Amino acid sequence: MKKSAINLSFAFLGGLVLLFIVAPLLGMVFSTPLSTLFSTAQETEVQQSIWLTIWISMASTLVFSILAIPLAYLLARYSFPLKNMVLGIIDLPIVIPHSAAGIALLGFISRDTVIGKAAGAFGFNLIGSPVAIALAMAFVSIPFLINAAREGFASVPVRLEKAALNLGASPARVFFTISLPLAWRSIVTGLVMMFARGMSEFGAVVIVAYHPMVAPVLIFDRFNAFGLKYARPAALLFILVSLVVFITIRLLAVKRKKDA
Amino acid sequence: MKKSAINLSFAFLGGLVLLFIVAPLLGMVFSTPLSTLFSTAQETEVQQSIWLTIWISMASTLVFSILAIPLAYLLARYSFPLKNMVLGIIDLPIVIPHSAAGIALLGFISRDTVIGKAAGAFGFNLIGSPVAIALAMAFVSIPFLINAAREGFASVPVRLEKAALNLGASPARVFFTISLPLAWRSIVTGLVMMFARGMSEFGAVVIVAYHPMVAPVLIFDRFNAFGLKYARPAALLFILVSLVVFITIRLLAVKRKKDA
Amino acid sequence: HSNQQTNTITIFHAGSLAMPIKAIADSFKVLHPDVTFRLEAAGSVECARKITEFNRQCDIMASADYKIIDELLIPDYADWNVLFSGNEMSLVHTKQSRHANDINGDNWYEILAKPEVSYGRSDPNADPCGYRTLLTLQLAEQHYQKPGLAKAIAEKDNRFIRPKEVDLIALLESGAIDYIFLYRSVAVQHGLEYVTLPDEINLGNPSLSDLYSGVHLRIRGAAVGDSLTLYGEPMVYGITIPSNASNREMAMEYLKLFLHPHKGLKTIEQMGMIPLNPLIIHNEDGMDKDLREELTGHP
Amino acid sequence: MLKLTNISKRWEGFTLKDITLTVGKGDYFILLGPSGAGKSVLLEVIAGLIAPDGGDITLNDANITHLKIQERDIGLVFQDLALFPHLNVHHNIGYPLYRKGYKSREVNRRVVELAQELGISHLLKRFPPTLSGGEQQRVALARTLALNPSLLLLDEPLSSLDVERKVEIRRLLRDLNRKGQTIVHVTHDYEEAIALGNRIAIINNGAIEQIGSPQEVFGKPTSSFVAGFGGVRNFFKISISKSEDSKFMKARVNENLSFYLQSDDEGNGYAMIPENEIVITHDKPGTETLNTFPGTVIDIYPHRFGCEVVVDIGEKIFAIMASTQLQAIHASIGSKVWVSFQENSTIFIKSS
Amino acid sequence: MLKLTNISKRWEGFTLKDITLTVGKGDYFILLGPSGAGKSVLLEVIAGLIAPDGGDITLNDANITHLKIQERDIGLVFQDLALFPHLNVHHNIGYPLYRKGYKSREVNRRVVELAQELGISHLLKRFPPTLSGGEQQRVALARTLALNPSLLLLDEPLSSLDVERKVEIRRLLRDLNRKGQTIVHVTHDYEEAIALGNRIAIINNGAIEQIGSPQEVFGKPTSSFVAGFGGVRNFFKISISKSEDSKFMKARVNENLSFYLQSDDEGNGYAMIPENEIVITHDKPGTETLNTFPGTVIDIYPHRFGCEVVVDIGEKIFAIMASTQLQAIHASIGSKVWVSFQENSTIFIKSS
Ligand SMILES: Nc1ncnc2c1ncn2[C@@H]1O[C@H](COP(=O)(O)OP(=O)(O)OP(=O)(O)O)[C@@H](O)[C@H]1O
Ligand SMILES: Nc1ncnc2c1ncn2[C@@H]1O[C@H](COP(=O)(O)OP(=O)(O)OP(=O)(O)O)[C@@H](O)[C@H]1O
Ligand SMILES: [Mg+2]
Ligand SMILES: [Mg+2]
């Protein structure tokens, strides 16, 4: 099977895709001297913004996953009128122009709104806060998690869930011991996609919070002020750190599943 | 099962997500008078750019799916050294700052490169062409298709593929009659996500092609030149058209599967 | 929280002002160590829209075109406008650009016309740098007495029109094009090579404003379908403190430093711009007394 | 204990028709029926996995027709097992135990105990997809036994097991039943049915055909289908009438075939002729019986007790004979032979 | 036709050990073994689904050990069926036909024909997940038969079928075999084995224990395991020696148990005592046989021919007796009884 004609042609086609992805990255690597990369890595501003991006996106992904995963489960299990409409709506944040999303969110959290006032009462201004960044990231990225998790749940046989119910488990226990673990791989992929998409968001974030600077804003800012030469090492650093984070997440997620 | 406590709480949590997605959209709807929406819909510039966005993104999704789906299959079926690394790399385009992606692509298709020269020989300049737009869209969106398709293939039992081989089918036939149809749902979701993500791309597209204007560029341009009042109806129109397209794709895709 | 706010200065500024504003902010911090800056770079129009449409607060707004402040902010969002520096159009390139070794202020239009050479410019409808480029070309047509020059060059390489100058720099630095029309200051700040254009065409000399106003073009107006006629004039930067600034006091302190002829304006000059001397103040009456005194020397 | 009243379920192509039956406390109730009869559907209706279109289910006097699956206290061993692929054998078996407030040591003890009883102790760390068919079946059984439900439904729980294992696990089930466990057991295996069941229901085509003790059901089968299940191959629907030329009654199968049998009754009913009572000879036998028929051998195959021979005498007749005997009369497929059997070897069951 | 030489496969917990066997052209080869013996693994190795760690597979004189699955021309009916859930029954059965350059009408004809033979014509439009267990099994069988492979591997293909269907499909398989189809068939069913097989291999614990004709294997089982499969429950490993006090030989089972049998041989071997030769009495019987033992009844259960009684006399002894007889001696579990059997009812097989 390994060496069949179709696998070879698949490997060829797949190789093209990998090339398409890798070549621009390599282009960046080659045009960035190692020394610049190192010195950029030592700037606290850069470190802070990468760190900020990662943790806000991760927090936003985790918090919203508590809402999104149940929704995905319901969508995988039940059909109802206008379900296709709901699915379409869930895809919309992907397509909404990012700055439009930012503007819409701004209307939500600015000082004059209910939410903004509530936050203000606690002496907290949402605009320019990590919360605003997290919301912007979540808005543009949540469909990826919902879709992946939905497909994951859809591929779990209902029969196994019913068998678990028959063994006296409550629906909650069935969800946590059967449905969730069996959909786990897809959910992890969804989480990674949501997390990554959140990290990369610029258009929506820059509207609700230019400061504190997440990495994409920092890179834009450097590009704007000093040009490509200065933006590139920061971007490359951000990409490399992301790569490490992704590999780690996948390793941990797979390991966790094996342990379970 | 329908009315169990966990399902109710899931419905509540899911409702929150839907609200989070829908509210900003409704905000846009309510602040856009219907008459403005209609008159915007009649501008040929707007019509053309929405149409352009849809067909380029669709073409780019379809063309690249021919490369990406085989790759996804290989990734779902085989393990090899550094596989986690490859998976991480595939996630990278999500996280790369969009304009960095655009700049990197420029290095690919500008006059001096092999590709650029080849195109030039046919009197064709890639920069500013729909091809460049398609490449930029594909670069930022292809991970979503690869990931979704990979999960889809991973949930197809290898045993069924082996059974088909045992029945004398060639690996190619097995792929097209067993693996692909069984992974079809996930692949459609991946295609929709890639398609949608491509449509929404601004940062990378604007670097390789400002004209012809895709919808996100047009919306930015209107915002820049005339302000929110003029950008909003165009954005809303784009979103509504997208919604219709998504619903149609899902309906067709499911139908096609039933027919098969 | 008020403490935090009084110690923060938020500045919305045009992308091309990023470097001088940062540099001067750094000197300011030496004097006021407890102040933090929040600098937000964007297109000049975008900066104004953040204030007018998004109701965002900022303490200082600096525009690459003083008219944006005059037209979009005054009177509802700001009271006055300080015109503090000029700039000039130049033809920017890199060492790798085709004919980079031969080009100079006299033959540039011939080189741009060569088929193997590509050049980029900003969108005249979206970016002041864009219409200024077209005005420069018209002036060049007159200056060199080459009828049809402006049209020929403007119609060449339409693919490389971009909405913002930074996008153009990306095209240039990645080798996709050889030349771009850009403000000289940006070239200096980004360490790019540039061809200095004659004063008669570079829109940088305030004393030639009569000459400049001899050319004009139409761009689109304030609403879809409208259009607007623009006349050539020297390019001038403007800066203001919006009415809703939350840290007005510190903002004024910063402006005093920024507009100080031997301090801020010196830095600005080092960065390739041409500071105005004296400053021009629109709506001087609306200006806070303290600041007016400092800038004009009279109350 | 369990009472089904007029349970029905309709699909295109199959209908479960007004199933009414009662399973008493402590019963070992066997459900027999051909493939596609609706056995699994019925069990899944009882367990609540399939909602019936109509009818009522009562368990211990409570109406459970609309009760949730997890509240029914009914264990079901699925025909397709439905093992959890991501849990090892230990956790599969322990699955129903955790929620009962068992301590983890308690759970452990019980799992190990069950695994021992079912001969799968060595597999506790393994995951279901790597197990053999019979191993999987025993894991599924152990898992449901761990639940200790008030009613146990078994859907062909021994079909993939070898003879020795079958005997062992039958003993286990019998013991369980003796201790009071009520069991409903679907099987295709006649021996299993009579070895285990105290009541048997025959289901065919979505409807119950017969319910009773094993003796009643197999002693007086009311259809060739039931008879076939009991291993009686020669089963005919007949109408009998007094014959003029004999002390025996004349049994009419169809236009072409009638035979004689001993009976005091007249009317319609069924006749069964045990296979080993059929004699096959090469020449026409002497006249000690009226039932002699010429026929053609249409099939021969080996059998536990020699050979089974199928002869067409207008209807198919099945006979068991020793291989040596068969050779003696030179019979092979296509041979013309004579079939005979005694009038009093035939069992007649009158239709009710 | 098929030749396996030293095939081995090692997993933690299970090893297939040096399997060597030959299946001749036209053979109906039965593979018998307990659950977990390695039967399915062996079939999957032959079909190429599992790569063996060592050894060679030859089919029609070609070494196919490393040949791709789809090029082996070996059909396998999986124990777990592996039906394609997204294809209806028609397309499942037709799946192997399309590639052969059949015309679509041809395919149609063949599918309908197979469906008819297997009694699933009414299901052609249905999708596998909605079918009953037995229906699915027949679809899987039909699908592999459609392939018309040079070697057919069947992994318990009839386990979910009712008696009538079993008989029908057995006939179908027998016919196929008669027309020259070579078949390797895994089953747990003794009757199926002797009704179909012309050669039988016994596999246990990953190794072949015995190969031969049904007569050889069941007539001279070389282990209690094989004997158990043949339905012979009383099977002992013994060593025999001349006895001083009798004309019979003395067979020693273990320290506690010896009995007498008729034999001319001495040495080690196996003894089989048919279940129906065992007599159970309440009182010690007269001395017509030396083989009388006191014992305790440890189990009783219904059996096709009455009851099966298990008595512990140091070893377990299995007897079949009529229920009335059992009642007559008032035996129940725990009763003390006497077991006796004739010296010449015992069959002795010398170890080779
Ligand atoms: N979801 C369904 N839709 C349509 N028909 C169905 C469905 N489920 C079962 N059936 C049909 O109902 C009939 C009874 O199925 P069931 O599984 O109860 O048979 P069974 O008696 O268990 O047979 P077997 O012994 O083969 O397992 C079958 O013909 C089956 O095809
Ligand atoms: N992938 C695997 N990894 C580890 N052990 C395995 C694997 N596959 C099978 N086994 C083990 O090999 C042994 C033989 O399995 P096999 O499926 O051949 O049994 P079988 O003879 O078919 O039994 P049954 O009659 O129960 O189907 C079993 O103990 C099984 O657990
Ligand atoms: Mg069934
Ligand atoms: Mg098996």
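Everything numeric here is computed off the predicted structure, so don't read it as measured data.
Contact of B:L236 with chain A is not made at all, since no heavy-atom distance falls under 4.5 Å. Looking at A:V244, there are no atoms closer than 4.5 Å to chain B (heavy atoms on both sides), in backbone or side chain. Interface remark: B:I21 contributes backbone and side-chain atoms alike to the contact with chain A (heavy atom separation under 4.5 Å). Neither the backbone nor the side chain of B:L106 comes within contact range of chain A; no heavy atoms are under 4.5 Å apart. For B:S186, the parts lying under 4.5 angstrom from a heavy atom of chain A are both the backbone and the side chain. Heavy atoms of B:A172 lying under 4.5 Å from chain A belong to its backbone as well as its side chain. Residue A:L25 touches chain B through its side chain alone, counting heavy-atom pairs closer than 4.5 Å. Interface residue B:F175: only side-chain heavy atoms are found under 4.5 Å from chain A. Using a 4.5 Å cut-off between heavy atoms, A:M193 contacts chain B through both its backbone and its side chain. Both the backbone and the side chain of B:L243 come within contact range of chain A, with heavy atoms under 4.5 Å apart. At a 4.5 Å heavy-atom cutoff, the contact between B:F238 and chain A is made by side-chain atoms alone. Contacts between A:A231 and chain B at a heavy-atom distance below 4.5 Å are absent for every atom of the residue. Using a 4.5 Å cut-off between heavy atoms, A:L75 does not touch chain B at all. Neither the backbone nor the side chain of B:V245 comes within less than 4.5 Å of any heavy atom of chain A. Contact annotation for A:A72: neither backbone nor side-chain heavy atoms come within less than 4.5 Å of a heavy atom of chain B. With a 4.5 Å cut-off on non-hydrogen atoms, A:I142 touches chain B through its side chain but not through its backbone.
Relative orientation of the A:F144 and B:F144 rings is parallel, given thresholds of 30° and 60° on the angle between their planes.
Within the model, atoms OG of A:S99 and CZ of B:F223 stand 7.0 Å from one another, a figure rounded to the nearest 0.5 Å. Here CG of B:D91 is found 13.5 Å from CZ of A:R197. Values are rounded to the nearest 0.5 Å.
Listed here is the closest heavy atom pair of B:S242 and A:L92: CB-CD2, 4.3 Å. Nearest approach of A:P97 to B:I219, heavy atoms of both residues: CG-CD1, 3.5 Å.
Side-chain atoms of A:L87 and B:F246, non-hydrogen and from C-beta on, never get closer than 4.5 Å to each other. Taking the side chain as every heavy atom from C-beta outward, B:I6 and A:F176 approach each other to under 4.5 Å. No side-chain heavy atom of B:L16 sits under 4.5 Å from any side-chain heavy atom of A:L71. Contact check for A:E151 versus B:E151: no side-chain heavy atoms found under the 4.5 Å cut-off. In this structure the side chain of A:R250 never reaches within 4.5 angstrom of the side chain of B:M85, judged on heavy atoms.
Here the rule is side chain to side chain contact (heavy atoms under 4.5 Å, CB included) with B:L18, and of A:I146, A:I90, A:L67 only A:I90 fits it. Screening B:I249, B:I247, B:T248 for a side chain to side chain contact (heavy atoms under 4.5 Å, CB included) involving A:N84 leaves a single residue, B:I247.
Ranked by heavy-atom pairs under 4.5 Å with chain B, the first of A:L74, A:I103, A:V156, A:V22 is A:L74. With respect to chain A, the highest number of heavy-atom pairs below 4.5 Å among B:I66, B:I89, B:N147 belongs to B:N147. For the set A:V174, A:L135, A:I69, the count of heavy-atom pairs under 4.5 angstrom toward chain B peaks at A:L135. Highest contact tally toward chain A, considering only B:E201, B:H98, B:M28, is held by B:H98 [criterion: heavy-atom pairs under 4.5 Å].
Counted by atom type alone, A:Y73 and B:N7 present zero donor-acceptor pairs between their side chains at under 3.5 Å.
A donor-acceptor pair under 3.5 Å is formed between the side chain of A:S200 and the backbone N or O of B:I94.
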